[in-house]
Undergrad: 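The structure that follows is given in the form of structure tokens.
These values consider heavy atoms only, across backbone and side chains, with no hydrogens, waters or symmetry-generated copies. The model shown is predicted, which means the values in this text are computed figures rather than measured ones. Throughout, a chain's letter reflects where its sequence line sits, starting with A, and its residues are numbered from 1.
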There are 2 protein chains.
Amino acid sequence: MTVWDRPEPPTRPVPLDRERIVAAAIALADEGGLEAVSLRKVAARLDAGPMRLYGYISTKEELFDLMVDEVHAEILPEEQLGDWREVLRILAQRTRQAALRHEWLADLLGGRPTLGPNGLAVTEAKLAALDGLADLDTVMRAVETVSAYFTGAIRREIANLRAERATGLSKRDWQRASGPHVRRMLATGRFPALAKAVHDGTEVDAEASFATGLDWVLDAVAAKLARPPA
Amino acid sequence: MTVWDRPEPPTRPVPLDRERIVAAAIALADEGGLEAVSLRKVAARLDAGPMRLYGYISTKEELFDLMVDEVHAEILPEEQLGDWREVLRILAQRTRQAALRHEWLADLLGGRPTLGPNGLAVTEAKLAALDGLADLDTVMRAVETVSAYFTGAIRREIANLRAERATGLSKRDWQRASGPHVRRMLATGRFPALAKAVHDGTEVDAEASFATGLDWVLDAVAAKLARPPA
DNA sequence: CTCATGGCGATACACTGTATTTAATCATTA
DNA sequence: TAATGATTAAATACAGTGTATCGCCATGAG
């Protein structure tokens with residue numbers, strides 16, 4: 001028995017913490033989507049048995065919550081922002097950018113209340129930006145309306161992106177309804193307005209379209225802030 | 001061997017079709033949420049083996065698509081609607097009502113393009129309502145902005161509803177942050193605006209809040225329709 | 001050195017979506 | 001009518017999942 005034959009000393013278990021677990025889960029999700037995140041795989045990436053994770057999280061859902069909160073740390077900008085409109089716009093756009101980096105975020109966005117420290121910090125930033133500009137009800141409605149918009153818009157954008165990717169169609173072809181199923185549907189003549197839209201539609205830039213819709217919603221909010229409800 | 005001992009003649013397999021399968025899946029989801037929908041359980045409800053379903057659907061995701069499209073049939077109203085604003089408002093509200101009847105819809109909404117016949121019919125109705133009121137780009141932006149809003153708003157409403165249900169807290173208590181975790185967070189003093197909002201906030205009616213935000217967004221759309229972009 | 005304790009890995013269970021293989025039934029032809 | 005071929009359902013199988021439970025082993029205290 002030479003040194004080389006001697007078995008390695010039993011590797012002391014690497015100390016774990018939520019941060020490392022969440023980081024591993026996010027890495028997995030970035031690579032293979034949410035469905036690629038299994039407790040076994042997360043644990044394996046940390047050289048641990050699956051059951052070890054239960055010392056730090058109590059369920060897989062909880063892990064998802066932690067992942068979402070972690071991404072909210074990326075969303076919150078470091079530097080101070082300007083007026084309420086800039087705050088809401090930047091936060092919306094940073095959320096979108098985060099979802100483009102972590103597509104799985106689109107699957108989770110809006111799926112449950114974000115009560116982690118970073119999620120709360122983002123909410124705090126929004127509320128603080130509007131503080132005093134109107135009565136609390138109006139402020140809440142403003143924040144929630146803008147959030148609802150960008151949640152929905154981001155989800156749709158990612159959904160379309162995946163559909164294009166899956167069918168291998170370019171965005172232009174997709175909008176032209178080259179998919180056989182959609183083409184057949186349009187050919188029935190039951191959807192004239194849609195058919196016209198598909199036929200005449202020009203290529204749309206997802207980012208610009210997101211920004212435009214966001215501006216509209218912000219315009220609406222601005223109008224209500226100026227004239228709070230009776 | 002008497003008559004009673006004689007085994008029942010082998011029950012002819014009940015003919016299946018997508019409709020029955022989708023109906024069974026929806027029933028399961030209505031009772032126990034999306035996670036209660038398994039191909040085995042759907043099949044069992046139809047007195048069939050799991051593999052039989054694969055003659056009618058090719059994957060579970062596809063079943064989900066069919067379920068969403070089926071609900072869109074409920075969303076589309078029978079009677080003719082009025083002007084564009086009423087069309088968009090009613091469709092948004094009917095989507096919300098459908099999600100309250102079928103909470104699992106919130107999990108799927110916006111998750112992938114809705115290309116089934118009923119989903120397309122709903123889109124057609126929206127586009128038709130705005131047809132000719134502005135250039136195609138503006139019309140598309142209008143439809144997508146309103147859809148993004150109500151998708152996000154519905155998801156949040158259902159998410160909050162589930163959170164209340166899970167914690168057993170009334171909406172009021174929830175908003176008062178009776179949850180020990182949130183209470184602790186607010187006590188840190190790092191979220192003053194949020195703390196104030198939670199403290200001063202009055203009970204909100206989800207339906208009214210949805211309607212208000214929707215009206216704001218529709219106001220924004222109206223402004224853009226009046227003045228199409230240069 | 002001995003013993004207790006607590007964390008960790010291994011094992012186990014019920015279940016999932018789906019591929020494949022086998023059995024049964026039906027239609028068709030001789 | 002008998003036999004054969006084609007279609008359809010069922011059974012089995014597989015790899016994987018979240019999570020409960022159990023038993024071991026290393027570390028700390030006495």
Undergrad: With sequence neighbours excluded, what pairs up with Arg165(B) under the salt bridge (charged side-chain N to carboxylate O under 4.0 Å, His left out) test?
TA: Glu103(B)
Undergrad: Going by side chain to side chain donor-acceptor pair (under 3.5 Å), Glu74(B) matches just one of Arg101(B), Gln97(B), Arg94(B). Which one?
TA: Arg101(B)
Undergrad: Of the candidate nucleotides dC8(C), dT18(C), dG18(D), which contains the atom at the shortest distance from the side chain of Leu39(B)?
TA: dT18(C)
Undergrad: Side-chain contact test, heavy atoms from C-beta onward, threshold under 4.5 Å: evaluate it for Tyr149(A) versus Phe150(B) and give yes or no.
TA: no
Undergrad: Remember a base hit wins even if backbone is also touched, and classify Val37(B) as base, sugar-phosphate or nothing at under 4.0 Å, heavy atoms.
TA: sugar-phosphate
Undergrad: Tell me, please, whether Phe210(A) has Arg96(A) positioned over its six-membered ring: NZ or CZ under 6.0 Å from the ring centre and within 45 degrees of its axis?
TA: yes
Undergrad: Do NZ/NE/NH1/NH2 and the carboxylate oxygens of Asp107(A) and Arg162(A) come within less than 4.0 Å?
TA: yes
Undergrad: Identify, residue by residue, the members of residues 57-67 of chain A with a heavy atom below 4.0 Å from DNA chain D, and return them in order of residue number, or none.
TA: Thr59(A), Lys60(A)
Undergrad: Which is more 5' along DNA chain C, the nucleotide nearest Arg40(A) or the one nearest Gly49(A)? Just name the residue.
TA: Gly49(A)
Undergrad: Without placing hydrogens or testing angles, list every side-chain donor-acceptor pair under 3.5 Å for residues 33-40 of chain A, not counting sequence neighbours.
TA:
from, atom 1, to, atom 2, distance (Å)
Ser38(A), OG, Arg40(A), N, 3.4
Ser38(A), OG, Lys41(A), N, 3.1

Undergrad: Look at the side chain of Met51(A) and decide which nucleotide, out of dA19(C), dA9(D), dT19(D), has an atom nearest to it.
TA: dT19(D)
Undergrad: Checking contacts here: which listed nucleotide (dT11(C), dG17(C), dG18(D)) is nearest the side-chain heavy atoms of Ser38(A)?
TA: dG18(D)
